[in-house]
2 protein chains.
Amino acid sequence: MANVSIRDVARHAGVSVGTVSNVLNRPDAVSAESASRVQAAIEALGYVRNEAARTLRAGVSATVGFVVLDGQNPFFYDVVRGAEDEASRHGIAILYGATDGDVQRERTYLDLFEEQQVRGLLVAPYGDVNRRLEQLRERGIRSVLVDRFSGENAFSSVSVDNVAGGRMAVEHLVATGRRRVAFVGGPFEMRQTTDRLAGARVAVESADVPVEIEVVATSAMSVAEGVAAGERILRRPPGDRPDALFAVNDLVALGLLQSLVSDRRVMVPEEIAIIGFDDISFAAAAAVPLSSMRQPSRTIGTTALRVLLEEAADPDLVPRQTVFQPELVVRRSTAVDA
Amino acid sequence: MANVSIRDVARHAGVSVGTVSNVLNRPDAVSAESASRVQAAIEALGYVRNEAARTLRAGVSATVGFVVLDGQNPFFYDVVRGAEDEASRHGIAILYGATDGDVQRERTYLDLFEEQQVRGLLVAPYGDVNRRLEQLRERGIRSVLVDRFSGENAFSSVSVDNVAGGRMAVEHLVATGRRRVAFVGGPFEMRQTTDRLAGARVAVESADVPVEIEVVATSAMSVAEGVAAGERILRRPPGDRPDALFAVNDLVALGLLQSLVSDRRVMVPEEIAIIGFDDISFAAAAAVPLSSMRQPSRTIGTTALRVLLEEAADPDLVPRQTVFQPELVVRRSTAVDA
DNA sequence: AACACCGCTTGAAACGTTTCATGTCGTTCA
DNA sequence: TGAACGACATGAAACGTTTCAAGCGGTGTT
């Protein structure tokens with residue numbers, strides 16, 4: 001229960017509090033003699049820095065808030081993990097909040113984090129939080145959007161080129177002989193959905209051969225929705241089914257896969273090929289290992305945090321959009337000869 | 001950039017700072033008249049409480065640290081989510097740190113969280129952190145162990161009865177006709193592993209029929225290790241293989257499943273049944289839906305947080321161990337007639 | 001010899017909150 | 001009428017840190 005302050009350390013070392021603070025924060029402004037005495041005192045007393053006082057004085061804390069839309073998607077765990085890596089390199093802790101699409105919850109977290117004087121926010125948004133984020137910026141709290149391109153250049157963002165990803169996915173399907181593609185995903189309010197579909201359409205239109213594309217809409221990006229979509233497709237007569245499915249993300253793709261292969265109703269990839277998006281670790285672990293468009297998830301996290309810290313340090317920096325290219329990972333679910 | 005303080009609010013409302021503070025913290029000690037004037041001023045100025053100052057004054061912050069061992073396991077996301085639910089009910093934010101088995105990292109987070117004056121710690125530990133946690137308790141920071149029973153009654157803990165879970169899993173396998181069971185898991189330094197195996201042994205010994213049990217050790221609880229273990233089993237001649245696998249958790253089980261069913265080498269469950277532990281959402285979504293021992297993961301999270309807050313509020317409370325019972329969830333991977 | 005400068009130390013002020021002893025009314029009761 | 005009390009309001013003190021103007025020797029320059 002011993003709460004040791006900088007003052008106690010100073011007394012024990014026979015120096016002033018200013019000197020102790022300098023040892024901690026600007027070691028070169030202090031003599032070696034003082035430094036070692038202070039260090040010894042710190043050891044002896046078990047001094048631990050009080051971040052609250054430091055924050056109060058500085059007006060900003062050593063924390064960053066991370067508001068995650070979809071706490072069920074392993075993709076975001078990797079992003080968070082990447083952010084953590086970079087954060088701990090700077091002695092910064094992460095305040096974590098999963099909203100699972102609950103707009104009220106999203107607001108609650110933003111309020112909470114503002115009170116905590118966070119240095120900035122990483123936001124993988126669901127609802128339209130732009131207004132609130134703008135308000136926060138006026139009050140000195142910067143935000144970086146994660147996994148969502150910020151069109152209006154209002155905020156920095158770190159994301160992947162979803163249009164290119166959609167194009168590459170469908171190009172791959174076409175190159176492996178598929179001619180009837182279905183895009184499975186939703187909701188269409190989400191930019192990820194529309195961008196990936198737009199890319200798919202580009203691939204279809206620029207193909208050398210005639211390719212059909214249809215849309216099978218889901219109301220969420222979840223395994224359950226994938227299963228439901230799969231059942232709907234299976235209800236159609238075999239001749240009327242697509243020969244390839246491009247899912248908006250891996251959760252949906254895994255759901256599709258499960259419904260197609262269960263009871264051996266459809267051979268994957270022989271009859272229907274499936275490709276997903278994100279390349280979460282479970283994609284490789286599926287019964288039929290899943291082809292996917294890999295996002296550099298961890299890098300997205302580290303980059304987002306780095307951008308955020310840079311902007312927090314220099315408020316004059318203009319927002320910048322960082323866009324990574326996705327990478328095609330081919331596995332059994334789209335194997336050409338299987 | 002307007003940083004509005006309680007003082008500004010007081011001036012604007014024509015009252016003292018003490019009154020403003022009272023409006024915020026003990027509304028009944030203040031006249032309706034003052035209260036409404038203060039509320040109006042808060043609205044007008046856009047006042048946001050400064051948690052740092054509050055923390056400095058109180059000596060403890062409105063945050064709780066959550067140190068998670070295995071950031072790859074979806075099980076923990078649910079636990080975290082449960083903790084979040086309870087936390088936001090109390091206006092508390094969660095500082096999140098995934099260590100992925102890195103002991104150094106575990107230490108770093110504990111240091112960071114101590115500096116943040118967290119109200120307490122939820123710890124799903126890997127290394128032997130007991131000493132450090134004891135030190136923290138002496139300094140007034142309580143910890144609650146999550147997913148790990150604290151034998152020595154040194155700390156409170158919230159976990160599941162792993163022995164019972166192991167027993168129930170193997171009883172189920174025996175009841176569905178299996179006679180050669182392999183326990184697949186590790187490392188054996190982890191209590192989860194040894195407890196679940198111990199339960200499995202109990203089931204074997206108390207069975208009415210002769211049942212064999214063997215151990216296939218893995219070096220981690222990951223999908224990759226599950227795949228590797230599966231390959232090892234497949235290398236044995238068919239007559240020398242177990243007819244049922246009890247995996248230490250679902251990640252390992254999914255790995256086993258993948259290696260067994262890929263290329264149609266083994267029929268699951270006809271030739272070999274598989275059961276996992278945790279019942280993560282991907283268990284149901286596997287190609288052969290996976291039977292599993294369900295943990296009440298979200299409840300574990302909310303309970304752990306509640307226990308932690310109670311202990312933080314009353315330092316005299318003695319540690320208590322909360323143990324939930326796991327629940328058998330039967331799916332195709334152990335179906336009796338398939 | 002006078003001066004400027006450098007390296008280092010010092011201690012007070014300030015950050016925004018909560019708490020608490022003190023004060024000021026107005027009401028009730030004897 | 002005076003005393004006692006209750007309901008609020010007040011403002012200073014304290015929490016632990018960082019910063020910064022000021023000070024102090026000692027060294028180098030002119």
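Within every chain, numbering begins at 1; the chains are lettered A, B, ... in the order of the sequence lines, protein sequences first and strands thereafter. Just so it is clear, the structure is predicted and the values come from calculations on it, not from any experiment.
Taking atom OH of residue A:Y47 and atom P of nucleotide D:dT18, one finds them 6 Å apart after rounding to whole Å. As a whole-Å value, the separation of B:D28 CG from D:dG6 P is 17 Å. Per the geometry, CZ belonging to A:R37 stands 15 Å off P belonging to C:dC8, to the nearest Å. In this structure, the CG atom of A:N25 is 17 Å from the P atom of D:dG16, given to the nearest Å. Look at CZ on B:R26: it is 15 Å from P on D:dA7, rounded to the nearest Å. A straight line from CZ of A:R11 to P of C:dT10 spans 14 Å, rounded to a whole angstrom.
Two residues are said to be in side-chain contact when any heavy atoms from C-beta on lie closer than 4.5 Å; B:F324 and B:T322 meet this criterion.
Seen from the ring of B:F155, B:R137 counts as a face-on cation partner, given the 6.0 Å and 45° thresholds.
Taking every heavy atom of both residues into account, A:R49 and B:Q117 meet most closely at O-OE1, 4.1 Å.
Comment: A:R298 does not engage A:E86 in a salt bridge, judged by the lack of any side-chain N to carboxylate O separation of less than 4.0 angstrom.
At a cut-off of 3.5 Å, with distance as the only test, a side-chain donor of A:S16 or A:T19 sits close to an acceptor on the other residue. A donor atom on one side chain and an acceptor atom on the other are found under 3.5 Å apart for A:D147 and A:Q192. In this model, a donor atom of one side chain and an acceptor atom of the other lie less than 3.5 Å apart for A:E84 and B:Y109.
Every residue two or more places apart in sequence or in another chain that forms a side-chain contact (heavy atoms from CB on, under 4.5 Å) with B:A35 is listed here: B:V30.
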Show the distances under 3.5 angstrom between N or O atoms of the protein and N or O atoms of nucleotides 9-15 of chain D.
residue, atom, partner, partner atom, Å
D:dA9, OP1, B:S31, OG, 2.8
D:dA9, OP1, B:S34, OG, 2.3
D:dA9, OP2, B:S31, N, 3.4
D:dT10, OP2, B:S16, N, 2.9
D:dT10, OP2, B:S16, OG, 3.3
D:dT10, OP2, B:T19, OG1, 3.1
D:dA14, N3, B:R57, NH1, 3.4

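Using a 4.0 Å heavy-atom criterion, one finds that B:S21 contacts the bases of the nucleic acid, with or without backbone contacts as well.
An angle of 50°, rounded to 10°, separates the two end axes of the helix from C:dA1-D:dT30 to C:dA30-D:dT1, each defined over five pairs.
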